[in-house]
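Read through the structure below, which is laid out as structure tokens, and then see the notes.
What you see below is based on every heavy atom in this structure, not just the backbone, and it leaves out hydrogens, waters and symmetry mates. Throughout, residue positions are numbered sequentially from 1 according to the sequence presented.
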Amino acid sequence: MDNYPSYTSKDKPIYKIYDEIYTLLKKKYRNEYIYKNEIAKSIIKKTHRFSNVSYVNEFKINGCIADVAIFNDTSTAYEIKTELDSFERLDEQLSVYKDVFEYVNIVIPENKINQALKVVHDNTGIITLNGRNVLNCERMAISNISSLSKSKMFNCLKPSEYFYLYEEVIGTKPFGRAADIKEMCRNVFLDLDIENAHMEMLKILTARGLERFEKDCFLFLPQSLLATLLNLRLNRKSLMTLRENMVETIC
């Protein structure tokens, strides 16, 4: 612990404590959360300004979990490998993601760029986090849309979402036993060509995006908590309570 400076929270508002500890982590211990939060700040807040975009931490895909998934006018997965991680199983993970996402990226520390270039396929994007904690695109991801798996894309949808899909495509609501309805919805999805199937998936998953009150509250909450807030999706009352508590001082 000698390498870590002492820290006192006395007489500081809670939001300042969060931001100061986050800054300390960026300098001393860049764990996976740091990468996720920098992705959220750079891509969700700055690029999209919270509009027409859905951000998901730990997105489950057929036995694997993508660290960050972003849905807007396309689908993008981000696999994070920090200074603390190895590249073991990386190729297997990325292959699974490419069944569902048009674009797949790995996000790594700057000093792992040469290692990444040796092990990841040419259609995988490479993003680095440099010593100033700035994300840089070292190689653009290439569209993977022709290789997407409609069956595996369908598996990412919730029942309410594939019900909606069925009604939008067929024009009537599905009915029957739950298992039969799921199979009916799956068949409708599988009958679409790959571009339309991807477009329908995007419509559904971007609908998981932020509400207006969430966007407004996020502007007044610590940016060190952005990835956490995007993942928790607190209701209006909880967000307002959190916002009020953040200005309280630790005595």
Side-chain angles (χ1 to χ4, degrees), residues 13-19 21-22 25-26 31-61 65-80 97 100-105 107 125 127 129 133-135 137 141 153-165 167-168 197-247:
I14 292 173
Y15 77 85
K16 189 172 183 63
I17 295 169
Y18 273 111
D19 283 343
I21 291 176
Y22 182 75
L25 285 173
K26 287 196 294 184
N31 57 22
E32 188 176 282
Y33 181 78
I34 299 298
Y35 284 73
K36 287 180 177 179
N37 204 58
E38 293 305 313
I39 291 170
K41 286 163 60 180
S42 176
I43 298 172
I44 302 299
K45 183 183 177 186
K46 291 183 181 177
T47 302
H48 296 294
R49 298 181 184 276
F50 300 122
S51 298
N52 302 316
V53 60
S54 176
Y55 170 104
V56 184
N57 275 332
E58 309 292 317
F59 188 83
K60 295 179 181 179
I61 314 161
I65 298 177
D67 290 317
V68 174
I70 293 178
F71 304 96
N72 51 343
D73 55 350
T74 188
S75 53
T76 309
Y78 298 84
E79 178 61 24
I80 296 166
Y97 304 163
V100 172
F101 293 89
E102 181 175 9
Y103 296 100
V104 175
N105 298 281
V107 188
I127 299 171
L129 186 68
N133 295 294
V134 176
L135 292 170
C137 182
M153 290 162 63
F154 180 84
N155 289 343
C156 295
L157 304 180
K158 301 174 183 177
S160 60
E161 293 171 336
Y162 56 70
F163 291 174
Y164 168 83
L165 167 76
E167 186 173 0
E168 184 179 66
H198 184 244
M199 182 182 68
E200 292 297 335
M201 182 187 77
L202 291 177
K203 282 183 190 176
I204 291 167
L205 294 180
T206 52
R208 298 183 189 180
L210 300 172
E211 301 288 346
R212 178 75 255 175
F213 73 87
E214 292 177 286
K215 300 174 190 178
D216 292 341
C217 280
F218 287 176
L219 297 175
F220 297 95
L221 288 167
Q223 294 309 288
S224 54
L225 296 180
L226 183 57
T228 298
L229 293 167
L230 286 166
N231 193 49
L232 288 176
R233 301 301 303 272
L234 298 174
N235 60 33
R236 186 190 301 268
K237 181 179 179 181
S238 296
L239 275 175
M240 293 304 296
T241 300
L242 181 63
R243 180 177 168 181
E244 292 168 4
N245 290 342
M246 280 293 161
V247 297

Exercise for the section: Assess whether side chain to side chain contact (heavy atoms under 4.5 Å, CB included) is satisfied between Asn133 and Lys41, documenting all intermediate values. Expected result: CA-CA 11 Å; Asn133 295 294; Lys41 286 163 60 180; over 6 Å; no

Exercise for the section: Starting at CD of Gln223, measure out to CG of Leu229 and round the result to the nearest 0.5 Å. Expected result: 8.5 Å

Exercise for the section: Determine whether the side chains of Asn37 and Tyr22 contain a donor N or O and an acceptor N or O closer than 3.5 Å. Expected result: yes

Practice task
Check the angle between the aromatic planes of Phe59 and Phe101 and answer parallel, tilted or perpendicular using the 30° and 60° thresholds.
Solution key: perpendicular

Completion exercise
Separation between NZ (Lys237) and CG (Leu239), nearest 0.5 Å, reads 13.0 Å

Problem - Candidate pair Cys156 and Val100, rule side chain to side chain contact (heavy atoms under 4.5 Å, CB included), full reasoning - result: CA-CA 8 Å; Cys156 295; Val100 172; 4.0 Å; yes

Problem - Flag side-chain contact, heavy atom, 4.5 Å: Tyr33 against Thr228 - result: yes

Exercise for the section: Please lay out, stage by stage, how Glu161 and Arg208 fare under the test salt bridge (Lys or Arg N to Asp or Glu O under 4.0 Å). Expected result: CA-CA 10 Å; Glu161 293 171 336; Arg208 298 183 189 180; 2.7 Å; yes

Handout entry: Atom CZ of Phe154: over 12 foreign heavy atoms under 6.0 Å
Key = yes

Exercise for the section: Mind checking salt bridge (Lys or Arg N to Asp or Glu O under 4.0 Å) for Arg233 and listing every partner two or more places apart, or none if nothing turns up? Expected result: Glu214

Practice task
Test Leu232 against every option in Leu234, Leu230, Asn235 by the side chain to side chain contact (heavy atoms under 4.5 Å, CB included) rule and name the one that passes.
Solution key: Leu234

Practice task
Find the distance between CD1 (Ile204) and CZ (Phe71) and round it off to the nearest 0.5 Å.
Solution key: 11.0 Å

Problem - Close aromatic pair by centroid cut-off 6.0 Å: Tyr103 and Tyr78 - result: no

Handout entry: Heavy-atom check, side chain of Thr76 versus side chain of Val104, under 4.5 Å
Key = no

